[in-house]
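In what follows, a single structure is set out as structure tokens and then discussed.
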Amino acid sequence: MVIQTDALIVGAGPSGLFQVFELGLLGIKADILDSLPAPGGQCTELYPDKPIYDIPAILICTGQELIDDLMKQAEPFNPRFHLGEEVTEVVRQDGLFVVKTSNDKEFHAKTVFVAGGVGSFQPRRFRLEGIDALEGVSVHYRVKEPSIFAGQKIVICGGGDSALDWALAFADTAAELTVVHRRDEYRAAPASVAALKELEAAGKARIFENAKATAYAAEGTQLKSVEITVKGEDPVVLEADHLMAFFGLAPKLGPIADWGLGINKKAIDVDTEKFESNIPGIFAIGDINNYPGKKKLILSGFHEAALAAFAAKAIIEPGKKVNLQYTTTSPIMHKRLGVSD
Ligand code: FAD
């Protein structure tokens, strides 16, 4: 699928969301994508309930509240969201940027805004040799199709909400269910922990605490067994059809490193007039960029988004004079914001 767009924003954290707004004020409609299934970046992924005190004129808000309000602020401009999609490739072709995603979408964009923060959030994986070859077949870090696990021997690793929610979800349909957790305290909701312990007492699940999956055996991409080692004990081997891990997400710069951008210590070098990278038409804002004096704060990304939007306008509508207008008094901005009579 090919999508034409004036502005493509890579990353729906606070910087990317505010970029939608700043572009919208200048009459530019944006497409925005994120590898995560929901917008918010670090704010919602790492500290949704923690208070933030240094957003100008907002005395206090949580990470989630900030993102909810940025989403509302961007609403009048109807951005097209593409969530759960990682941008894998960006190349310049015939004056446009051809941007490819993990879901086989192709964007033809006049300008690109990299708002990728500390990188794309990826599930933490097993560090067992050769196990990557089984991924998506019998080793899983997310559940796409729950029905394939019915009647199967499943080993789930992790002690957070995702691990326990899926363990509880599969309890009635799995042939065998085993939960392996590296500690004996859980991050998951106490009610889920209690429900899992009840399953164990009823003989519907096995739980290994202070334990890890330490080895596996497979035939091709099909898992056959998993070795589990409880701290201080001899390993046990369980027959298994599927092994799942929910160890949380960790950011990785990932494909952004391969787009030919000037990168310095995992950040994209930009100027401080336009926040443009070494490739004209590709801007970088927020935590992902680097310039003298850069501070990785949410308000830095907001300022950068405003200046990058003006620079992009000159590319998208060359030759057109762009005047600075105030949202307080500009009729054209009121119209774009949907607040005019
Ligand atoms: P991010 O929030 O990192 O968002 C980037 C998004 O880009 C991510 O969602 C990622 O999945 C996506 N992405 C990356 N690569 C790709 C790709 N190839 N394809 C698709 N999507 C991609 N700052 C403050 O100003 N005040 C605070 O009080 C504060 N408290 C903090 C507390 C904690 C615990 C942490 C960890 C950070 C805190 N920060 C605070 C920092 C603040 O969260 C960051 O500065 C801010 O999130 C940066 O926003 P961003 O949009 O640039 O990047």
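Note that this is a predicted model, so its numbers are computed, not measured. When a ligand or atom number is given, it counts from 1 through the structure's own listing order.
- Formation of a donor-acceptor pair under 3.5 Å by the N278 side chain with backbone atoms of G262 is found in this model.
- A distance-only check finds a donor-acceptor pair linking the side chain of E276 to the backbone of G281 [under 3.5 Å].
- For atom 16 (C) of ligand 1, the closest non-hydrogen atom on the protein side is S120 CB, 3.4 Å.
- The shortest distance between side-chain heavy atoms of F246 and I156 falls below 4.5 Å.
- Regarding atom 45 (O) of ligand 1, its nearest protein heavy-atom neighbour is D287 OD1, 2.8 Å.
- When the shell of 6.0 Å around NZ of K335 is examined, it contains 12 or fewer heavy atoms from other residues, nucleotides or ligands.
- The shortest N or O to N or O distance between V87 and ligand 1 is under 3.5 Å.
- If you look at E85 next to ligand 1, the close heavy atoms, those under 4.0 Å, all belong to the backbone.
- Between L33, D34, I55, I9, it is D34 that holds the heavy atom closest to atom 6 (C) of ligand 1.
- Scanning the protein heavy atoms around atom 7 (O) of ligand 1, the nearest turns out to be G11 CA, 3.2 Å.
- Checking only distances, C43 never comes within under 3.5 Å of ligand 1, N or O to N or O.
- Under 4.0 Å is where a charged nitrogen must lie from a carboxylate oxygen, and between D31 and R80 at least one such pair does.
- Of the candidates P14, G286, G13, it is P14 that places a heavy atom closest to atom 49 (O) of ligand 1.
- Short contacts between ligand 1 and L46, defined as distances under 4.0 Å to a heavy atom of the residue, involve ligand atoms 36 (C).
- Comment: K110 engages D6 in a salt bridge, judged by a side-chain N to carboxylate O separation of less than 4.0 angstrom.
- Below 4.0 Å from some heavy atom of G41 lie the following atoms of ligand 1, by number and element: 2 (O), 4 (O), 8 (C), 9 (O).
- The shortest N or O to N or O distance between S35 and ligand 1 is below 3.5 Å.
- Only backbone heavy atoms of A115 (N, CA, C or O) come within less than 4.0 Å of ligand 1; its side chain stays farther off.
- The nearest protein atom to atom 34 (C) of ligand 1, hydrogens excluded, is given as Y47 CD2, 3.6 Å; this is a heavy-atom distance.
- Closest heavy-atom approach to atom 28 (O) of ligand 1 among the candidates I52, V99, I285, V114: I52.
- Ranking protein heavy atoms by distance to atom 25 (O) of ligand 1, first place goes to I298 N, 2.8 Å.
- The main-chain N or O of A284 is never found under 3.5 Å from a side-chain atom of S277 such that the two would form a donor-acceptor pair.
- For the pair S15 and ligand 1, the shortest N or O to N or O distance falls below 3.5 Å.
- Counting the atoms of ligand 1 from 1 in the order shown, those under 4.0 Å from a heavy atom of V118 are 3 (O).
- For ligand 1, none of its N or O atoms has an N or O atom of Y53 under 3.5 Å away.
- More than 12 heavy-atom neighbours from other residues, nucleotides or ligands sit within 6.0 angstrom of CZ on R92.
- For I256, every heavy-atom contact with ligand 1 shorter than 4.0 Å involves the side chain, none the backbone.
- Counting only N and O atoms by type, the side chains of D69 and Q73 include no donor and acceptor under 3.5 Å apart.
- Counting only heavy atoms from C-beta outward, the side chains of P123 and R142 approach each other to under 4.5 Å.
- Using a 4.0 Å heavy-atom cutoff, G119 is listed among the residues neighbouring ligand 1.
- Ranking the protein heavy atoms by distance from atom 2 (O) of ligand 1 puts Q42 N, 2.9 Å first.
- Of the listed residues (V236, V237, L128), just one forms a side chain to side chain contact (heavy atoms under 4.5 Å, CB included) with E227, and that residue is V237.
- Of all the heavy atoms of K296, the ones lying under 4.0 Å from any atom of ligand 1 belong exclusively to the backbone.
- A 6.0 Å sphere centred on CD of Q325 holds more than 12 heavy atoms belonging to other residues, nucleotides or ligands.
- Distance from atom 53 (O) of ligand 1 to its nearest protein heavy atom, with residue and atom name: G117 CA, 3.1 Å.
- For V10, every heavy-atom contact with ligand 1 shorter than 4.0 Å involves the side chain, none the backbone.
- Contacts between D54 and ligand 1, counted as non-hydrogen atom pairs separated by less than 4.0 Å, involve the side chain only.
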